[in-house]
Amino acid sequence: MVKEIDKQLTKRKYQAINTKNNLLLAAKKLMTEKRFDQITIDEIRKEADVSIGTFYHHFKSKDEIFSILFSKIDKELFDDFHQGNNDMPAEDILINYFNTLAITLTEFGWPIVKEKFFHDNIFYSKNQKLRSVLLEIIIDGQSNGCIKKRMPSEELTDYLLTMARGIVLEWCYWEGTYSLKDKMNFYMEEMIHPYVM
């Protein structure tokens, strides 16, 4: 009898996790189609094929969904980034970093990037993994002589992120009509090249 209850709880937990993930995926899909402020909770729950009560069982609001999606991406994208690129030249590590950022932002879609990343200041927090990983790459590169010390590491980090934000903002202005990854790669190579050995 106890084993049967354990299996049911495990199955219920699994179903709850699956439902929550489906809601997140539904919201992410809708965010690629239109601006976040135009998406309703009803649309999200219909896309996930759940009831409104189920939505509110898992989330307080659609803003909570965005926060979870962004924090998951921020964590997954950059947690092990530097360790996986240790054997590459510093220039390639930096280019790969910005290409990874461009791919991720493209997956969100220009409307959500414009609305949430710029208007809600997500792109400007000094506490984001986005910044701390880049800073770590630059500090490591400067300490091992692969990145020039023309600028202090903090300043070079801010400089490169400012350039990347400009590229992303321009992509949003043109409503994603071109490849952000290609544009990011082209311009960031030009920005990074003078700073690497």
Side-chain angles (χ1 to χ4, degrees), residues 24 28 31-32 36 63-197:
L24 289 167
K28 188 174 179 182
M31 287 188 296
T32 63
F36 187 71
D63 285 328
E64 183 182 5
I65 286 180
F66 178 78
S67 294
I68 290 169
L69 282 173
F70 181 72
S71 66
K72 281 177 79 174
I73 287 173
D74 192 37
K75 182 175 176 19
E76 291 169 6
L77 186 63
F78 294 113
D79 262 1
D80 298 319
F81 183 84
H82 193 41
Q83 290 78 11
N85 291 292
N86 278 339
D87 297 335
M88 297 169 64
E91 186 170 13
D92 292 345
I93 293 171
L94 290 169
I95 295 299
N96 193 21
Y97 169 90
F98 287 106
N99 283 339
T100 301
L101 175 63
I103 290 166
T104 302
L105 295 178
T106 300
E107 288 175 8
F108 266 113
W110 73 266
I112 196 71
V113 171
K114 182 178 179 182
E115 181 180 350
K116 287 293 182 185
F117 286 75
F118 287 103
H119 292 137
D120 291 355
N121 294 323
I122 289 172
F123 227 157
Y124 297 97
S125 171
K126 287 199 176 212
N127 298 323
Q128 287 293 344
K129 197 82 151 164
L130 175 78
R131 185 180 187 284
S132 64
V133 169
L134 180 58
L135 178 60
E136 181 185 329
I137 291 167
I138 291 170
I139 289 170
D140 287 353
Q142 286 181 333
S143 69
N144 68 27
C146 296
I147 297 176
K148 296 175 186 172
K149 295 182 179 182
R150 290 176 45 188
M151 277 190 212
S153 54
E154 291 268 344
E155 192 174 332
L156 183 55
T157 299
D158 291 340
Y159 169 74
L160 292 176
L161 281 176
T162 299
M163 298 303 112
R165 282 187 210 106
I167 295 164
V168 174
L169 186 59
E170 185 77 4
W171 175 71
C172 290
Y173 175 80
W174 289 105
E175 298 181 346
T177 56
Y178 55 81
S179 167
L180 178 60
K181 182 180 180 275
D182 292 346
K183 193 71 77 167
M184 183 74 76
N185 190 57
F186 178 77
Y187 285 118
M188 293 313 290
E189 279 184 4
E190 294 298 317
M191 297 294 154
I192 292 166
H193 187 71
Y195 293 94
V196 294
M197 305 273 198

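From Glu155, atom CD reaches atom CG of Leu135 across 12.5 Å, with rounding to the nearest 0.5 Å. Summarising the geometry, atom OG1 belonging to Thr100 is positioned 11.0 Å from atom CD1 belonging to Ile95; distances are rounded to the nearest 0.5 Å. The CG atom of Asn99 lies 4.5 Å from the CG atom of Asn185; values are rounded to the nearest 0.5 Å. Once rounded to the nearest 0.5 Å, the distance linking CG of Leu161 with OH of Tyr97 reads 5.0 Å. Distance CD/Glu189 to CD/Glu91: 6.5 Å, rounded to 0.5 Å. Separation of atoms CD1 (Ile192) and CD1 (Ile147) is listed at 8.5 Å; rounding is to 0.5 Å.
Residues Phe98 and Ala164 come closest through the heavy atom pair CE2-CB, 3.6 Å. In terms of heavy atoms, Asn144 sits closest to Cys146 at OD1-SG, 3.0 Å. Taking both residues in full, the closest heavy atoms of Val196 and Leu94 are given as CG1-CD1, 4.4 Å, listed atom of the first, atom of the second, then distance. Residue Ser179 comes nearest to Asp182 through the heavy atom pair OG-N, 3.0 Å, listed as atom of the first residue, atom of the second, then distance. Lys149 and Gln142 make their closest contact through CE-O, 3.3 Å (heavy atoms, listed as atom of the first residue, atom of the second, distance). Nearest heavy atom pair, residue Ile167 against residue Met188, reads CD1-SD, 3.8 Å.
Residue pairs satisfying the ring pair (Phe, Tyr, Trp, His ring centres under 6.0 Å) criterion with at least one member in residues 133-155, sequence neighbours excluded, are absent.
When the side chain to side chain contact (heavy atoms under 4.5 Å, CB included) test is applied to Tyr159, the partners found at least two apart in sequence or on another chain are Met151, Leu156, Met163, Met191, Tyr195.
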Subject >> Steps toward side chain to side chain contact (heavy atoms under 4.5 Å, CB included) verdict (Ile103, Leu180) >> reply: CA-CA 7 Å; Ile103 290 166; Leu180 178 60; over 6 Å; no
**OP:** Report the C-alpha separation of Val168 and Met184 in whole Å, then their side-chain angles, then the decisive distance to 0.1 Å, and conclude whether the side chain to side chain contact (heavy atoms under 4.5 Å, CB included) test is met.
**Re:** CA-CA 8 Å; Val168 174; Met184 183 74 76; 3.7 Å; yes
Subject >> Verdict with reasoning, Trp171 to Thr177, per side chain to side chain contact (heavy atoms under 4.5 Å, CB included) >> reply: CA-CA 7 Å; Trp171 175 71; Thr177 56; over 6 Å; no
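No side-chain heavy atom of Lys148 sits under 4.5 Å from any side-chain heavy atom of Pro194. With contacts defined as side-chain heavy-atom distances shorter than 4.5 Å, the pair Leu160/Ile138 qualifies. Contact of the Lys114 side chain with the Pro111 side chain is not registered, since no non-hydrogen atoms from C-beta on lie closer than 4.5 Å.
Within a 6.0 Å radius of OH in Tyr178, other residues, nucleotides and ligands contribute more than 12 heavy atoms.
Salt bridge Arg131/Glu154: present, at least one basic N to carboxylate O contact under 4.0 Å.
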